[in-house]
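Written out below as structure tokens is the structure these notes cover.
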Amino acid sequence: MENRLWVLDLASDTLEGRPAVAIWLKAEDGSTWLLKKRYTPSFYLVGDLEKAAKIVEAEGIRAERCTKKIRGSPVEALKLYVDLEDLDEYASKLLKRLEGVEAYEEDLRLTAKFLLETGLKPCSWASVEHSGFEEESGIRVITGGEIKALEHAPPPRLRVMAIDFVVFAEKGSPNPGRDPIRLISLCFDDGSEFQLEGEEREILKSLVSVVGEKDPDVIVGFGTNSTYWSYLSERAKKLGVKPVLGRLGAEPRTSIHGHVSIRGRLNIDLEDMAREIPELTVETLEEFVGYLGIEAKLDTVEEYELAERWRSDRDAVKRYSMQRAKAILKSFEAVRDFVFNLSELTSMPADFVLAASAGFRVENYLMTLAVKVGELIPKRAEITHVSYPGGLVKAPKRGLHESVAVLDFRSMYPSLMIKYNISFDTLSENGENVAPNGYRFKAEPEGFLPHALKTLLKERRKIQEKLKQVPEDSVEARVLDARQRAVKIIANAIYGYTGWVGARWYTREVAEATTAWGREVISSTIKKAEDLGMTVIYSDTDSVFLKNYEGRLEKLVEWIEKDLGLEAKLEKVFKRIIFTEAKKRYAGITTDGKLEIVGLEAVRGDWSAVAREAQRETVKTLLETGDPGKALAKAREYVRKLKRGEVELKKLIIWRQITRPLSEYSATQPHITVAKTLIKEGWKIQPGDKVGYIITKGSGPLYARVKPYFQASADEVDWSYYIEKQVVPACGRVLGAVGIKPDKISETGESTLMEFFG
DNA sequence: TTTAGGCATTCAGAATGAGTCTT
DNA sequence: AAGACTCATTCTGAATGCCT
């Protein structure tokens, strides 16, 4: 029999005490399949192989001689098939008995090795050949059989469940040893909803039965990996309930590094995704939903007020929790194609790929390619990183400019890597391509990284071609667009990957040569632009900001194409743009009237909302009217409001991230003292958390007069701090560029509350 | 289980220096 | 007259979050 099935997830397993893989699959008709298949992993030995061959022969290990590559150079290798799940231990014992021999790929996990070797991809279609299945709890279990990858196609219909938990403590963070789960909201893609409340044991039992009955393929939540699954497990243990949420009676299991596995289902935590979106300053569900542009009503109940609201207005909490579940479901629908495509591209299971960082995604993709071209996969080396020069940034010309064109190189680093064949396997003392910093790369044969980049580029073009052929807004179009975004993300991260010490293929020379060529390209472009009669008012890494560009820009673009062999694109034109003396900070309005603020306080999450808003309004007025006086008036408005104390407390909160365990800080800082206060009050604060505080009146350093934002009241706010250290500097930066001194801003003809009341 | 380097900015705390008082 | 002390200013390093 043969079935066309979609690979949902996979795990390592055993059959008759020997290693096997368990592959969970979905059919178009919605049926769930499990393929259990024996799998013998393998690894390679390189070096003096004679003795090694004898030893393994004596041990009855299957071995084959083969030719592989290490950094592009051919090597003789011995491939050993060993029927153990953990090859690491076997390999290290073997190596102790040998000299001049190195092992490769013994450190890869069983499922990863299986995927790499068979070319099978998660979240893709496969054909499964088998002699029949046994039905077990509604799952069609095949033991043995063959599985082969098929052409790419949209996924089958999957059953999706969104989940939201309500847990809280009277004071501080909830503690699973003490505080029960109060409520669970569930929401399915078939429209059904469940809200489980009451006695905690019943809540958990209902959860298990609903999950069992509805049998979702995907469980999606927000904060589930980091918090809720382990919380649930601990509560369940305490109450003597088995949290059977996985298929075939499995409980959630913490797999490596913070990710939780739920057997037979995809456990997706959107918080993992939110964390890597740089546009989000606070990674809440609210922000995430807003970023995705999803219409979802959320009547937010904040964590610190949960306990109180649960008593006084329980319906509000219940409503919010269900709104969250619905928003989570909607968000997943919006990102699922992207997630599945990223999973397929990198060969990492979907729930895993979201939890993985950019470096590991790139690496996994490169590993799939390495197997194809016979390049052995090296291990991570423990080395100290030496940093190297990066992109070139030209100091801007200060002040207000009219009509400025921005020219961007398209994928500069990837293009340079392709153009000069920059790669770890082409790096050579006698290479023909000589980087400005002296590193040399062979022009031929094509290097591994350029090959990877070209493959991705080709793939992207293919997708874009296909995109033109399918109707806009169709399922195919959506899936294809998600796929081309996934491809782009991987391609753009390859340069950075080569300069990452944690990388298996870390090669500083590659990263260094790439940026060196990049600097050469941008400086010659600046020079050419000037020769053509344009004024370069600013430039950063791969972009130039040009004045007097009419009739000259085309010539520059042509020169870039012909002489540099690269592509550049007119990105946008600013009607007006303002630069302070600082690099990486400016604001402008484009020809289509869009206000763009870059790097300035207005777009920084560590400034109070009042300062951000004041600066945004000030710069907007300045750019729209071109009149510094009007802009100054705008800034003064905000100062006046603060002097009167007429600004909402919410707008005074300053958020900062905790980046490490508190004990590792050497400097005393406001957000650290606030974090310490909160911990004393029972809150759990971990690296990655953001702490919000407000500056209150008093004497001494700032850190001695900050309060957690939800504990500060209007009468204790240090309004003058917000004037002098927030609004005036932020607006002053902008106004300073047009010659207005910052002290003009606070001259509003009004005295402060402080002056009135002492 | 942190893709890279470049950059501005704030705050704490040390270093520096001027001015004043004490012995 | 030398040293002790205070207060303000300047400098440096830690820390964060942005840009490409």
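Below, chain A is the first sequence line, B the second, and so on; all start at residue 1.
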Quiz item: Does A:F114 reach the side chain of A:L110, with side-chain heavy atoms less than 4.5 Å apart?
Solution: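 A side-chain contact under 4.5 Å is absent here.
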Practice problem: Go through the side-chain N and O atoms of A:Y538 and A:S543 and say whether any donor and acceptor fall under 3.5 Å apart. | Solution: no
Quiz prompt | Any side-chain donor near an acceptor of the partner, A:W229 and A:D269, under 3.5 Å | solution = no
Touch class at under 4.0 angstrom, heavy-atom based, for [X] against every strand present:
X: A:V362; value: nothing
X: A:P278; value: nothing
X: A:R660; value: sugar-phosphate
X: A:W607; value: sugar-phosphate
X: A:F409; value: nothing
X: A:Y721; value: sugar-phosphate

Expressed as a whole number of angstroms, how long is the span from [X]:[atom1] to [N]:[atom2]?
X: A:L600; N: B:dT9; atom1: CG; atom2: P; answer: 9 Å
X: A:R705; N: B:dA12; atom1: CZ; atom2: C1'; answer: 13 Å
X: A:I658; N: C:dT16; atom1: CD1; atom2: C1'; answer: 11 Å

Which atom pairs, one a donor and one an acceptor, fall under 3.5 Å between side chains of residues 385-394 of chain A and the rest of the protein, sequence neighbours left out?
residue, atom, partner, partner atom, Å
A:H385, ND1, A:Y506, OH, 3.1
A:Y388, OH, A:Y495, OH, 2.9

Would you say a side-chain N or O of [X] is under 4.0 Å from OP1 or OP2 of [N]?
X: A:S357; N: B:dT3; answer: yes
X: A:Y538; N: B:dC7; answer: no
X: A:R733; N: B:dT10; answer: yes
X: A:H385; N: B:dG5; answer: yes
X: A:R656; N: B:dT10; answer: no
X: A:T668; N: B:dG13; answer: yes
X: A:Y665; N: C:dT16; answer: yes

For nucleotides 7-11 of chain C, tabulate all protein N/O to nucleotide N/O atom pairs closer than 3.5 Å, reporting atom names and distance.
none

If you only use heavy atoms from C-beta on, which nucleotide in [options] is closest to the side chain of [X]?
X: A:Q669; options: B:dA12, B:dA4, C:dA15; result: C:dA15
X: A:A667; options: B:dG5, C:dA14, B:dA12; result: C:dA14
X: A:Y703; options: B:dG13, C:dA14, B:dT10; result: B:dG13

Practice problem: Record whether the side chain of A:K583 comes under 3.5 Å of the base of B:dC7 through a donor-acceptor pair of N or O atoms. | Solution: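 It does not, because no donor-acceptor pair links the side chain of A:K583 to the base of B:dC7 below 3.5 Å.
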Exercise. List the steps and the verdict of side-chain hydrogen bond (donor to acceptor under 3.5 Å, both in side chains) for A:N433 and A:N421.
Key: CA-CA 8 Å; A:N433 297 336; A:N421 209 28; over 6 Å; no
Quiz item: Do A:W517 and A:Y439 have ring centroids that are under 6.0 Å from one another?
Solution: no
Quiz item: So, for A:W505 and A:Y497, is the gap between ring centers shorter than 6.0 Å?
Solution: no
Quiz prompt | Single hit among A:F579, A:F545, A:Y549, A:Y586 for side chain to side chain contact (heavy atoms under 4.5 Å, CB included) with A:V404 | solution =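 The side chain to side chain contact (heavy atoms under 4.5 Å, CB included) with A:V404 is passed solely by A:F545 among A:F579, A:F545, A:Y549, A:Y586.
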